[in-house]
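Quick notes on the structure that follows.
Numbered from 1 within each chain, the chains take letters A, B, ... in sequence-line order.
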Amino acid sequence: MEEKSNFFKNAQDVARLIPFGRVSSYGAIAKYLGSSNSARMVGWAMNASKGMNVPAHRVVNRKGLLTGIKHFSSPTEMQLLLEKEGVNVHAHQIQNFDELFWDPNVELEL
DNA sequence: TCAATGACCTGCC
DNA sequence: GGGCAGGCCATTG
């Protein structure tokens, strides 16, 4: 285990770089890592980041749907955290996802 | 060690 | 335009 996997470490790092009141998607992070088709691994990294200072609640799928909400301690924890940051979430889905969307490829401009 | 799963995305029919 | 299947990489049983 350890942090030998750059993919996991990178995914967690990018998730940690997500600014306040902003959200990102697995595919965007996966693409930033170089593998847009490895979005699933990003979810795994979030799961492994549980317990760390990684705002996994700011990471959602391409549709802005809180797919990983069930993996949280509480099904409302993720939504509450997002609402606390000023993100409008309805039915486990981000409303202004297009505006709140934070793309590491664009913001970080690699 | 092998096989299956998993918080997804893209492409094809 | 909508639905289905495949693929990716790492972890777990």
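- Between chain A and DNA chain B, the heavy-atom contact criterion of under 4.0 Å yields a 5' to 3' nucleotide range of B:dG6 to B:dC9.
- Minimum heavy-atom separation, A:Ala15 to A:Val59: CB-CG2, 4.1 Å.
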Show each protein N/O and nucleotides 7-9 of chain C N/O combination with a separation under 3.5 Å, one pair to a line.
{"from": "C:dG7", "atom 1": "O6", "to": "A:Arg40", "atom 2": "NH1", "distance (Å)": "3.2"}
{"from": "C:dC8", "atom 1": "O2", "to": "A:Asn37", "atom 2": "O", "distance (Å)": "3.1"}
{"from": "C:dC8", "atom 1": "N3", "to": "A:Arg40", "atom 2": "NH1", "distance (Å)": "3.3"}

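- Between the side chain of A:Gln95 and the backbone N or O of A:Gln93 there is at least one donor-acceptor pair closer than 3.5 Å.
- Distance check: A:Met52 CE to A:Met46 CE gives 10.0 Å after rounding to the nearest 0.5 Å.
- Under the 4.0 Å criterion applied to side-chain N and carboxylate O atoms, A:Glu85 and A:Arg58 are assigned as salt-bridge partners.
- The CG atom of A:Asn53 sits 11.0 Å away from atom CD of A:Gln12, with the distance rounded to the nearest 0.5 Å.
- Closest approach of A:Ala28 to A:Asn105, counting heavy atoms only: O-ND2, 3.1 Å.
- A distance of 7.5 Å separates CD in A:Glu77 from NZ in A:Lys84, rounded to the nearest 0.5 Å.
- Taking the C1' atom of each, C:dG3 and B:dA7 are spaced 22 Å apart, rounded to whole Å.
- With values rounded to the nearest 0.5 angstrom, A:Asn61 atom CG is found 8.0 Å from A:Leu66 atom CG.
- Applying a 4.0 Å cut-off to non-hydrogen atoms, the residues of residues 43-54 of chain A that approach DNA chain B are A:Gly43, A:Trp44, A:Met46, A:Asn47, A:Lys50, listed by residue number.
- Taken together through direct or relayed side-chain contacts under 4.5 Å among Ile, Leu, Val, Met, Phe, Trp and Tyr, A:Trp102 and A:Val23 form parts of separate hydrophobic clusters.
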N/O-N/O pairs, protein side and nucleotides 4-6 of chain C side, under 3.5 Å:
none

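- Under the ring-ring contact (aromatic ring centres under 6.0 Å, His included) criterion, the residue pairs touching residues 60-98 of chain A are A:Phe97-A:Phe101, with sequence neighbours excluded.
- Put simply, CD on A:Gln12 is 14 Å from P on C:dA10, counting in whole angstrom units.
- Side-chain N or O atoms of A:Arg22 include one that pairs as donor or acceptor with a backbone N or O of A:Glu99 at under 3.5 Å.
- Listed by residue number, A:Ala56, A:Asn61, A:Arg62 are the residues of residues 55-64 of chain A with a heavy-atom contact under 4.0 Å to DNA chain B.
- Taking every heavy atom of both residues into account, A:Ala11 and A:Ala45 meet most closely at CB-CB, 3.6 Å.
- Taken together through direct or relayed side-chain contacts under 4.5 Å among Ile, Leu, Val, Met, Phe, Trp and Tyr, A:Tyr26 and A:Leu17 form part of one hydrophobic cluster.
- Here A:Ser73 contributes atom OG and A:Lys50 contributes atom NZ; the two are 8.0 Å apart, rounded to the nearest 0.5 Å.
- If you chain together hydrophobic residues whose side chains sit under 4.5 Å apart, A:Ile18 and A:Met41 fall into the same group.
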